[in-house]
Amino acid sequence: MYKRLLLFLLLGTHSFAIAQELSYNHYTVHDGLAQMQVEDLLLDSKGALWIATRGGVSRFNGYSFDSFGDLELKPKNGFQLAEDTHGNIVILSSDGLHFYDGKSFKLNAAPSGTKYNHESTMICDYKGRIYCLQSRFHKLKIFSD
């Protein structure tokens, strides 16, 4: 009985002694990130990391960035990210809502008089509705399919 207790204590202290430090990588625009001022992060259902910046949106697959330089309609900035019930990536930008379906972006322009910025908030619910709160004036807009 005492041998087991001693063995348990020795193994327990040994595991604390060999604790590892977390490793990390520092990425910049030179690595393909759209811009350094990051506003939001999203890990999508396919395992890609989406980064919303004030200079656009980037997707990181674990090895490299795609900032969608080859696509015509893309967000000029990104304030918040979400994934809707259809698997589309939703980006709240100053222009309105951008939807990325895996191939291209589609813009749902902000209603007249609506301005979104980095203080605005967006939430997608399980029924496919998207709630956007324009923070400065506290105006709630609800978008649905």
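The first residue in the sequence is number 1, and the count goes up from there.
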Original post:
Does the side chain of Gln80 come within less than 4.5 Å of Thr121's, by heavy atoms?
Top reply: yes
Original post:
With a cut-off of 6.0 Å (strictly less than), are more than 12 heavy atoms of other residues, nucleotides or ligands near CG of Leu49?
Top reply: yes
Original post:
Taking only residues two or more places apart in sequence, or in another chain, which ones meet Tyr100 in a ring-ring contact (aromatic ring centres under 6.0 Å, His included)?
Top reply: Trp50, Phe68, Phe105
**OP:** Please tell me if the side chains of Ile89 and Asp44 come closer than 4.5 Å, counting only heavy atoms from C-beta onward.
**Re:** yes
Original post:
Between Pro75 and Val57, what is the shortest heavy-atom contact and its length?
Top reply: CG-CG2, 3.8 Å
Original post:
Of all residues at least two apart in sequence or in a different chain, which pass the salt bridge (charged side-chain N to carboxylate O under 4.0 Å, His left out) check with Glu39?
Top reply: Arg54
Original post:
Tell me, do Leu92 and Ser120 make a side-chain contact under 4.5 Å, heavy atoms counted?
Top reply: yes
**OP:** Enter the distance from Leu41:CG to Ile51:CD1 here, rounded to the nearest 0.5 Å.
**Re:** 6.5 Å
Subject >> Nearest non-hydrogen partners of Thr53 and Ala34, listed with the distance >> reply: OG1-CB, 3.7 Å
Subject >> Rounded distance [0.5 Å steps], CZ in Arg129 versus CG in Asp84 >> reply: 13.5 Å
**OP:** Would you kindly confirm whether Tyr131 and Ile91 end up in one hydrophobic cluster when ILVMFWY residues are joined by side chain heavy atoms under 4.5 Å apart?
**Re:** no
**OP:** Kindly determine whether Arg59 and Asp66 satisfy side chain to side chain contact (heavy atoms under 4.5 Å, CB included), including the steps that lead there.
**Re:** CA-CA 5 Å; Arg59 179 179 56 197; Asp66 183 1; 3.2 Å; yes
Original post:
Applying salt bridge (Lys or Arg N to Asp or Glu O under 4.0 Å), which residue pairs with at least one partner in residues 93-113 are found, sequence neighbours left out?
Top reply: none
Original post:
Under the salt bridge (charged side-chain N to carboxylate O under 4.0 Å, His left out) test, which residues partner Asp31, sequence neighbours left out?
Top reply: none
**OP:** Output all residues satisfying side-chain contact (heavy atoms from CB on, under 4.5 Å) with Ile130, sequence neighbours left out; order by chain, then residue number.
**Re:** Val90, Leu97, Phe99, Met122, Cys124, Cys132, Phe143
Subject >> 4.5 Å side-chain heavy-atom contact, Tyr116 and Ser94 >> reply: no
Subject >> Heavy-atom donor-acceptor pair, Ser67 side chain to Ser58 backbone, under 3.5 Å >> reply: no
Original post:
What residues form a side-chain contact (heavy atoms from CB on, under 4.5 Å) with His26, not counting sequence neighbours?
Top reply: Thr28, Met36
**OP:** Quick one: closest heavy-atom pair of Leu107 and Leu73, and the distance?
**Re:** N-CD2, 3.6 Å
**OP:** Show your working on side chain to side chain contact (heavy atoms under 4.5 Å, CB included) between Phe79 and Asp40 and close with a plain yes or no.
**Re:** CA-CA 6 Å; Phe79 301 127; Asp40 197 17; over 6 Å; no
Original post:
If you measure from NZ on Lys76 to NE2 on His98, what distance do you get to the nearest 0.5 Å?
Top reply: 7.5 Å
Original post:
In terms of side-chain heavy atoms, does Glu83 have a donor or acceptor partner in Ser45 at a distance below 3.5 Å?
Top reply: yes
Original post:
Is there a path from Leu42 to Phe60 through hydrophobic residues (I, L, V, M, F, W, Y) whose side chains come within less than 4.5 Å of each other?
Top reply: no
